[in-house]
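Note that the structure is a prediction, hence the values are computed from the model and not measured. The chains referred to below are lettered A, B, ... by the order of the sequence lines, with proteins before strands, and numbering in each begins at 1.
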Amino acid sequence: VNDGSLPTGAFVDPTRSFTFQFEGRTIPALAGQSIGAALYAAGQRIFTRSFKYHRPRGLFCVSGDCPNCLMNVDGRTNVRTCVEPARPEQKVTHQNAWPSLEFDCLRLFDTFSRHLPVGFYYKRFHRPRWMWPIFEHTVRHIAGLGRVDIHHAAHDQGAMEYVHADVCVIGGGRAGMTEALRAAEDGGQVVLLERLPQLGGRTLLVAYAGDDELTRKCRSHANIRVCLETTAFGLYEGNLIAAFSGNTLLKIRAGRIVVCTGGRQQPFVLANNDLPGVFPGDGVLRLARLYGVPAGQRAVVLTDSDEGQALALQLQQIGISVAAVVDQRPAAEPGHKTDWPMYLANTVLSATARARLISVLIQDSKSGQSQEIHCDLLCMAGRRQPAVELLLQAGVRFRHEDGCWKIDKEVPGISWGKSPSRQPLSLGERGYDSLPSPPGTGVGGEGEATSKYFVCLCEDVTEKDLHQAVAEGFDEIETLKRYSTANMGPCQGKMCGQNVVEICARLTNRPVGAVGTTTSRPPVVPVELATLAAAHAHHPVRRTPLHHWHEASSAVFMDAGLWKRPESYCGPAEEVRSVRSSLGMIDVSTLGKFEIVGPDAVELLERIYLNRWSDLRPGRARYGAMCNEDGILIDDGVAGRLATDRFYMTATTGNADAIFQWLELWKATWRLDVTLIDRTSAMAAMNLAGPHAREVLAALADFDVSGKSFPYMGFREGRVAGVPCRVLRIGFVGELGYEIHCPNACARPVWEALMDEGKKFAIRPFGVEAQRILRLEKGHILIGQDTDALSNPLEAGLEWMVRFDKAAFIGKEPLLRLQEMGPRSRLVGFTMLDDARVLPEGSQVVDDGRPVGRITSTRYSPTLGKSIGLAWVPRERARVGYRFEIRWNGMDVPATVVPLPFYDPDGIRLKSC
Amino acid sequence: MSFVLHCPHCGPREVYEFRYGGQIVSPPVVRNLPGVQHERWYHRHGCKQWLAAERNVTTNEVLSVRSLEGEAG
C-alpha cells in the first residue's frame, strides 16, 4: 500500500471534503476522517481538561478507549471524537472547561493539588457539619465531564436486531479473520464484528499489504456476515453478545464465541506523562495510517521491548523523524544499524511543554547522567497487554505468572485468537511480550510539586495517590481501585489497569500474579442510553375491529393497556344521559374472552371463582370474582354456560393475558381434563344498553328476546343481523343491556345494523368515560381501580359472593382467617356534602385530622346531579350517614357515606322486564 | 439474565420469551437457597404452556424443562 510516501489514511476518501463547526471555527475535514483527526490536522492540540485537576489533555489512544477526546457533538455529550466520524455541518463543542480549553480557571486545582489528596472527599469538610451540604453541592457541580442535556432528543430512534450464529468472532484483525474463515470453511454460519470501518486490525497500522487477500476472502465468503463499525460491549451467560452499530443494538446468540480483540500498549508512568504530545505508539500510527494526519515532526520513542525499534521504523515511514529511541532494557541490541540515536539502559524522566511538547529529559540508569532531547512527540512503545475484558465477563480467568498470562479457568464455548507465536495468551496478531519490568520511576517525583506521574488519565490518579492509598491500608486491588478511583473512569481500566496492578504489587512486595485483577463488567465501552432503550422503543398497538368506525365518528381515543379505546365521542355527560333515557352502545371488544371446554370445566370455575358454578344451568350467566392464593382480588367478569361441559368467560381488558395464564397454570397444576381457548383476538363484543335495547335487538335477532324467554343474566346463541352471535343479558351500566359477541370479521356489519336500527331511539355510541360514570352510579367496583394489592372480597363489598361451603377455591384459607379476625376496612359509597366538586382519585380520607383511608373513584353524576365516589374507610365508620373529610389541596372537604348503589338500588331497571 | 430455555414444544428459546411463575415447592414457602431449584415458567411468546424447569440459580444453568402437567402435584 505504501512505498514510503506519506499515507493518506486507510479510512479517508481524499476526494470528498467538507467542513464542520468547532467552537465558532470552521474546520475542514475529509470524508472518513474522525472529528479528532480533523481537529488535530487543523492545529487543535488541547481536546479536554482533565477530570480533577483540569490539566490540558490531547489526543492519546486514538482508539476510543481513553477519556482524552470527549466532546459534545450536536448535543450528544461525551462523544469519543478520536473515532467518531466527522460529518458535514455538525457542531462540536468542548466540555469540562471554563472559559475555554486553552485557558481553564479550574486549573487552580492542579496548583493546590496537595490539598486534594487521594480520597479527599472522605476526609475534608466533615466539620463543621453544616459545611457538608455546601461542599457536596460544590463538588457535584464541578465534578464530572460533559453535562447531559435532558431536553436533547435523539435524532432517530434506536433499533434492535437479534442475530443467531454458529460462531461469533469479535475483532476483525488478522487473528479474527483467520478464525472466521476457519469456522466458515467448516460450514458454520459466522458473524464477524469489527468496531472500525475496515477489517485488518493492526495490519492497517503498518505498511504491510499481505492481508488484503485475507480481507477479501472474509468479505466474499457466503457463510461470513461481516459487521463493520460494530462494537461488542458485553458478553453474557448463554453465549450472548451485546453489540451496537450506530444506534442499533445487536443481541447475538452464538454457539461458539472467539474473542480476537488484540492488545493495547501499556503506557509508561513518568513525570507529566499526560501532556498533549505524549502518545502510545499505536495512537500516532492510527492518526497517520487510518486518518492521514501526522501527529508531529520529531519523536522520541520510549520502550522496554523490541516494539520500540519497530515503531521507530514505522514513524520514519509516515514522515516523522526519530530523535531517539530510549530503551529501558540494559542490553538490547537492535540487530541492525539504525538511523537514529539509541539510548540503552535509559529512561525518560519527564516531559516538558509550553503550548506544545518541546522536550523530554532522559537519564542513564547506570551513570545517572541525564540529558534533554528536543521533540514534539513522545511515543510510548510499551508492552502489549491482551484486551481480556470480554473474556473476563464470560468467566474465563487468568493468572499472571513469570510475566506471562496463564489460563486458570476456561469456559465451554468461549475461545480466543491463537497467535502463531509461542505466547500462552494472545488475542490478536501480536503476542504479549513476556518481559517484566516495573513501570515508571515516579515515586521520586514527590519533591517536585509541579510534576505529576499519572497512572489513570480518566480520574487523574497519580502514582503518588496510589502510594498514599496503600499507606492508608487500601492495599488490595479491589479496595485500592475504589478508594483511589483508578480504573473507574470512562476507560474502565483499559489504559491503566495493568499499571495499577503492577504498582500495587511493587508497593506491597508481592508478585504481580498475587495481586489479581479487578472485576470486568459490561459495558466495555460507553453505550448511549438511547441505544440500550431501543429494545423498548417499539410499542405495539392493539385496535378493535370497530376502530375505523370510531375514528370516522370522531372518537377521542385513550390507551387501555396496549389497546386504543374510544374515551368519548360527544362528551361523556351527553352519552350518560342517552344510555339512561333511551339507548347507547359501547365497543367492549377488548374484554378477555375465553372458552373453557371439557369434563372438568365446571370444576375449574368452581376452584377459580369465589362463588358457586356447579348449579348454573346452560343458557344462564353469572358474575364472578377471583382471588389469588393470598385472598387478594385479582379480577372479575361474567361467565356463561353453553353446555354441561362448555363455558364462555370474560375477563377485564387489562387482565386478559394474566387471567388466561392463571387458568392455564391451575389447569396444569390440578391436571384437570379441560381445554382453554383464548378468543380475545378472535371475537368482537358490543354492549347495547338503555331502556330501548330490547326493541332494537328484537328487530335484528332470530331468537326470542322477550323478558320471559331471555331474562336478566340469560345467555343465548343465535343470529343478530344474520351473524352468529353469543348474547349475554347483563347490566354493568345499570340499564337493560345486551352484550353481543360476534366473530371479528362480522363486527362492523353487526355494529352498523344495531346503530341503524337504534336511530329511531336516537342511539349514541358511548366511550369508556361514560361507562365509568354509569358503573360508578351503579356502585360496581373496578378491580385494580377501587382495589389494590391488599384488597380482599370481604372488605371490598363482595362478601356475599364468597362461598366458604365450597370444598376448595383459591384464597379460601386466608379469607377464612380474615373472616375470623373480622375485616378492618370497607369500601363504601360517598357523596360530597356541600358542593359538586370532584376531588382527585387517591386523595386521603381524614378523620380528626388523621389519615384513615383514601378515595378510589370519583365522578360527577349527571343522573343524580351530584359528586359521587367510592372510598376505603375503617370498618367501624363504614355506616350510612358517617361524615368524614377528604384532604385536598391543604383543605379538608366534608363528605358522607351513602348506601350503594347510588342509582336504582333495587335493580328494577335491570331485571323487571 | 440471558439464558436459554429448551421448551419441549418450541425448542431452544430466549428467556425473554418466558414469564417466571415462581418456585415449585411444597409446602408453598419460598426458599432462597443457592443451587438447583424447581420452578414454573410460562412460554408467553410461544406455545402458551406452563413448564417446569430445573435451574441452578447460582450459575443460571438450566438442567431440564418439561411440561408442568407431568410435574405438579
Side-chain angles (χ1 to χ4, degrees), chain A residues 160 162-164 166 234-243 249-255 257 393-395 409 411-413 522 535-536 538 540 594 600 628-630 656-681 810-811 813-814, chain B residues 1-30 34-73:
Chain A
M160 191 172 82
Y162 285 103
V163 181
H164 295 271
D166 297 316
L235 223 161
Y236 302 84
E237 63 200 356
N239 281 10
L240 178 74
I241 300 146
L249 180 70
L250 284 92
K251 286 187 177 178
I252 305 162
R253 189 74 78 165
I257 295 170
Q393 286 174 18
K409 186 184 157 209
V411 174
H536 304 280
H538 175 61
F594 314 130
D600 290 333
N628 63 15
E629 299 105 309
D630 302 322
D657 286 347
I659 295 304
F660 188 75
Q661 293 167 21
W662 184 248
L663 295 173
E664 285 277 10
L665 171 66
W666 291 106
K667 171 206 149 186
T669 305
W670 294 320
R671 293 183 221 180
L672 295 178
D673 185 1
V674 59
T675 304
L676 302 169
I677 308 160
D678 185 353
R679 307 199 62 180
T680 303
S681 299
I810 300 171
E813 288 73 25
Chain B
M1 196 176 75
S2 69
F3 51 89
V4 172
L5 287 150
H6 287 254
C7 173
H9 311 112
C10 311
R13 297 298 179 96
E14 300 269 345
V15 66
Y16 309 116
E17 293 190 7
F18 298 82
R19 171 193 148 183
Y20 178 64
Q23 285 182 44
I24 305 174
V25 279
S26 146
V29 178
V30 173
V36 176
Q37 176 171 296
H38 291 252
E39 47 200 30
R40 297 183 197 96
W41 289 86
Y42 180 75
H43 199 179
R44 62 177 158 188
H45 297 320
C47 55
K48 298 202 169 195
Q49 296 295 310
W50 281 95
L51 308 168
E54 283 178 300
R55 177 174 66 110
N56 185 325
V57 295
T58 318
T59 61
N60 270 344
E61 189 186 354
V62 182
L63 307 170
S64 73
V65 186
R66 282 189 282 269
S67 170
L68 180 67
E69 239 149 314
E71 288 287 311

Heavy-atom proximity to chain B below 4.5 Å, by part of A:Leu240: side chain
Heavy-atom side-chain proximity of B:Lys48 to A:Glu664 below 4.5 angstrom: no
B:Trp50 side chain vs A:Trp666 backbone, donor-acceptor pair below 3.5 Å: no
Heavy-atom contact with chain A under 4.5 Å, split by part of B:Gln49: side chain
Tabulate below the donor-acceptor pairs under 3.5 Å that side-chain atoms of residues 1-15 of chain B make, not counting sequence neighbours, or state none.
unit_1	atom_1	unit_2	atom_2	d
B:Ser2	OG	A:Glu237	N	3.4
B:Ser2	OG	A:Glu237	O	2.5
B:Arg13	NH1	B:Glu17	OE1	3.2
B:Glu14	OE1	A:Arg253	NH2	2.5
B:Glu14	OE2	A:Arg253	NE	3.1
B:Glu14	OE2	A:Arg253	NH2	3.4

Set of salt bridge (Lys or Arg N to Asp or Glu O under 4.0 Å) partners for B:Arg40, sequence neighbours left out: none
Interatomic distance, B:Arg19 atom CZ to A:Asp657 atom CG [nearest 0.5 angstrom]: 10.0 Å
